[in-house]
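So the structure is just underneath, and the comments pick up after that.
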Amino acid sequence: MNNRDVQAAWKYHNDTKHSLWSIRNNPHYLDFTNRPLPFKIYPAIKPFPLPRDVSQTEVAALSAIAEPAHLSRTETIPDLQDLARIFYFSAGITKQRTYPGGEIYFRAAACTGALYEIELYLVTRDLPGLDAGVYHFNPADVSLRLLRKGDFRGNLGQATAMEPAVAHAPATIISTGTYWRNAWKYRARTYRHFGWDNGTLLANMLAVAAASGLPAKIVLGFVDAEVNRLLDLDRRREVSLCLVPVGCTTKSSLPTPRDAPVLGLETIPLSQHEVEYPAMLQMHDASSLDTQEQVRQWRATGPVDTSSASAREEIRLQPLPEEEQPKDTIEQVILRRGSTRTFDKTASITLPQLSTILECAPGGLPADFLEPPGAQLNDLYLIVHSVEGLKPGAYFFRRDRNTLEVLKTGEFRAEAYHLGLAQELPADACVAIFFLADLERILDRYGNRGYRAVQLEAGAIGGRMYLAAYAQRLGSTGLTFFDDDVTQFFSPHAKGKSAIFLVAVGRPLKRKAP
Ligand SMILES: Cc1cc2nc3c(=O)[nH]c(=O)nc-3n(C[C@H](O)[C@H](O)[C@H](O)COP(=O)(O)O)c2cc1C
């Protein structure tokens with residue numbers, strides 16, 4: 001299939017839209033007896049435990065989110081403590097709860113359905129305390145498992161057509177998505193979830209890397225088959241989604257690519273039986289890059305800028321001044337983060353609190369599809385219910401001017417309830433932030449792979465919103481939505497755009513003591 005044949009992305013997107021009709025006519029019952037395992041387990045490989053008593057970075061969450069460390073000229077080599085910190089605070093288990101259906105191990109980053117379909121791998125040279133190799137990270141025992149011994153970074157250099165951050169990285173983390181683990185509940189819509197759930201995890205990873213003084217960047221341009229082969233993935237079940245080079249060596253000294261034969265390593269089956277959703281395999285194939293030349297061309301495409309001139313009233317953002325910003329560290333904030341289950345609909349937040357979220361979450365995501373830095377694929381539209389300093393209504397966030405453009409004023413809690421898939425959360429929050437994108441222009445520039453990019457960016461910005469909200473002791477949750485109704489609500493301004501994601505921010509309802 002061809003990345004430029006963008007009918008594939010349109011077909012997948014249109015076929016996986018939620019509408020009142022699709023929900024009523026296509027119900028899905030969860031088979032709890034066939035619920036997938038939340039971990040990938042290699043029973044025959046000895047674990048290499050990561051240190052658990054890792055030093056704290058002491059860096060305030062808000063600055064860790066807002067200031068990712070860029071590719072520097074100085075030598076920054078992660079050690080085992082850094083890697084343990086990055087893995088744990090991106091994908092580690094932070095809470096455990098018992099439900100009638102069994103135990104749920106909640107992780108550092110939010111994930112649709114708490115199904116945790118994103119796996120992490122590491123490709124590294126020799127580091128202090130760790131031998132060169134290809135490893136899998138298992139959050140269940142906070143351990144690495146060696147899949148291939150030796151320095152395979154040259155294979156990643158080749159697969160990314162020598163992307164500069166990969167070429168200079170002593171270590172690269174790779175995210176993969178396991179279809180069935182999420183499709184058990186969400187069926188073919190899981191391919192969108194790959195982007196969202198990988199994105200929330202990356203928001204944590206980039207912030208913790210920055211707090212550790214290590215440059216890190218999202219790399220989406222790579223030859224899919226080469227990376228899948230290196231990780232020994234069965235591509236009908238699990239696929240590579242993105243690379244995150246971590247750290248920097250002053251000169252590019254990648255070894256030549258090595259032979260990576262099929263390993264066929266044993267893993268514990270996720271369920272008694274799995275269901276395959278061909279729409280997702282087709283979407284993945286259609287957005288795959290097959291050669292280094294395709295990668296090079298893909299990376300050379302310029303950014304998409306969708307902001308337009310406006311004659312509407314605009315309200316300037318008023319972020320909290322530096323000295324008034326909460327100073328809780330990134331680790332503290334990640335540990336207390338969770339998705340708010342009930343918002344207090346009588347509560348409000350302030351314009352400076354909202355401004356702080358909007359100022360530090362969207363901008364400056366380091367990614368190969370966002371060059372020059374500052375470019376963005378998703379546009380943010382807000383339904384404000386109760387923000388002191390703003391009239392209730394619908395707004396468009398003009399990131400080029402740091403303003404909120406008034407689209408219409410009025411109480412829209414009932415509309416937010418409906419748009420957020422008839423859930424109370426977006427109605428009871430103080431603000432519901434919708435992500436919409438001009439898919440036409442994005443697919444035109446990036447081909448089908450632009451679809452991966454726009455979902456991933458939404459998840460990463462959404463993940464940063466979670467962190468920026470929890471840093472300010474507010475609550476937040478990611479949400480799903482009725483696609484076309486969202487566009488319609490924000491039209492004519494949003495005409496032609498597609499709904500990509502939704503985040504609600506507010507104050508969690510404090511439960512009264514019994
Ligand atoms: C992309 C995304 C979409 C989500 N959609 C919903 C939703 O529609 N309704 C809901 O109640 N929770 C939703 N959640 C919250 C998840 O259920 C929650 O992240 C998961 O149960 C893990 O819990 P935690 O975030 O508290 O760690 C969503 C989370 C993400 C990341």
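In listed order, ligands and their atoms are each counted from 1. Computed from a prediction, not measured in an experiment: that's the story for all the values here. Sequential numbering from 1 along the given sequence is applied to the chain's residues.
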Min heavy-atom dist Arg341 to ligand 1 below 4.0 Å | yes
When Arg507, His385, Glu388 are each screened for side-chain hydrogen bond (donor to acceptor under 3.5 Å, both in side chains) with Ser348, the one that passes is Glu388
Taking heavy atoms and a distance under 4.0 Å, where does Tyr116 meet ligand 1: side chain, backbone, both or neither?
-> side chain
Where on Thr477 is there a heavy atom closer than 4.0 Å to ligand 1, on the side chain, on the backbone, on both, or on neither?
-> side chain
Heavy-atom contact under 4.0 Å between Phe501 and ligand 1?
-> yes
Do Arg337 and ligand 1 have an N or O pair less than 3.5 Å apart?
-> yes
Nearest to atom 17 (O) of ligand 1 by heavy atom, Pro426, Ala108, Gly113: which?
-> Gly113
Heavy-atom neighbours of Lys327 NZ exceed 12 at 6.0 Å | yes
Does Lys345 NZ have over 12 foreign heavy atoms under 6.0 Å away?
-> no
Using a strict 4.0 Å threshold on nitrogen-to-oxygen distance, state whether Lys40 and Glu238 make a salt bridge.
-> yes
Between Leu421 and ligand 1, which part of the residue brings a heavy atom under 4.0 Å of the ligand: side chain, backbone, both or neither?
-> neither
Any atoms of ligand 1 less than 4.0 Å from a non-hydrogen atom of Leu425? List them with their elements.
-> 11 (O)
Applying salt bridge (Lys or Arg N to Asp or Glu O under 4.0 Å), run through Arg398 and Asp400 and close with a yes or a no.
-> CA-CA 5 Å; Arg398 290 211 56 151; Asp400 54 336; 2.6 Å; yes
Of all protein heavy atoms, the one nearest atom 25 (O) of ligand 1 is Ser339 OG, 2.5 Å
Logged contact type for Lys95 with ligand 1, heavy-atom cut-off 4.0 Å, is neither
Short question: side chain of Tyr105, backbone of Gly92 - any donor-acceptor pair under 3.5 Å?
-> no
Give the numbers and elements of all ligand 1 atoms closer than 4.0 Å to a heavy atom of Ala110.
-> 19 (O), 25 (O), 31 (C)
Between Asp224 and Arg449, does at least one N-O distance fall below 4.0 Å, as a salt bridge requires?
-> yes
shortest atom 2 (C) of ligand 1-to-protein heavy-atom contact is with Thr112 CG2, 3.4 Å
Does a sphere of radius 6.0 Å around CZ in Arg235 hold more than 12 heavy atoms from other residues, nucleotides or ligands, not counting ones at 6.0 Å or beyond?
-> no
List every atom of ligand 1 that sits less than 4.0 Å from any heavy atom of Leu479, numbering the atoms from 1 in the order shown and giving each element.
-> 3 (C), 4 (C), 5 (N), 6 (C), 7 (C), 8 (O), 9 (N)
Looking only at protein heavy atoms, which one is nearest to atom 4 (C) of ligand 1, and how far off is it?
-> Gly478 O, 3.2 Å
Is the shortest N/O to N/O distance between Cys111 and ligand 1 below 3.5 Å?
-> yes
Glu276 atom CD, neighbour heavy-atom count above 12 within 6.0 Å | yes
Below 3.5 angstrom, do we get any N/O pair linking Trp196 and ligand 1?
-> no
Nearest-contact summary for atom 21 (O) of ligand 1 - protein heavy atom, Å | Ala114 CB, 3.7 Å
Check whether the side chains of Lys408 and Tyr395 place a donor and an acceptor atom closer than 3.5 Å, and report yes or no.
-> no
So the atoms of ligand 1 within less than 4.0 Å of a heavy atom of Asp197 turn out to be 31 (C)
Crowding at CZ, Arg473 (>12 non-hydrogen neighbours, <6.0 Å) | no
Would you say the side-chain atoms of Tyr470 and Thr340 include a donor-acceptor pair closer than 3.5 Å?
-> yes
Within reach of ligand 1, part of Gln423 (heavy-atom separation under 4.0 Å) = side chain
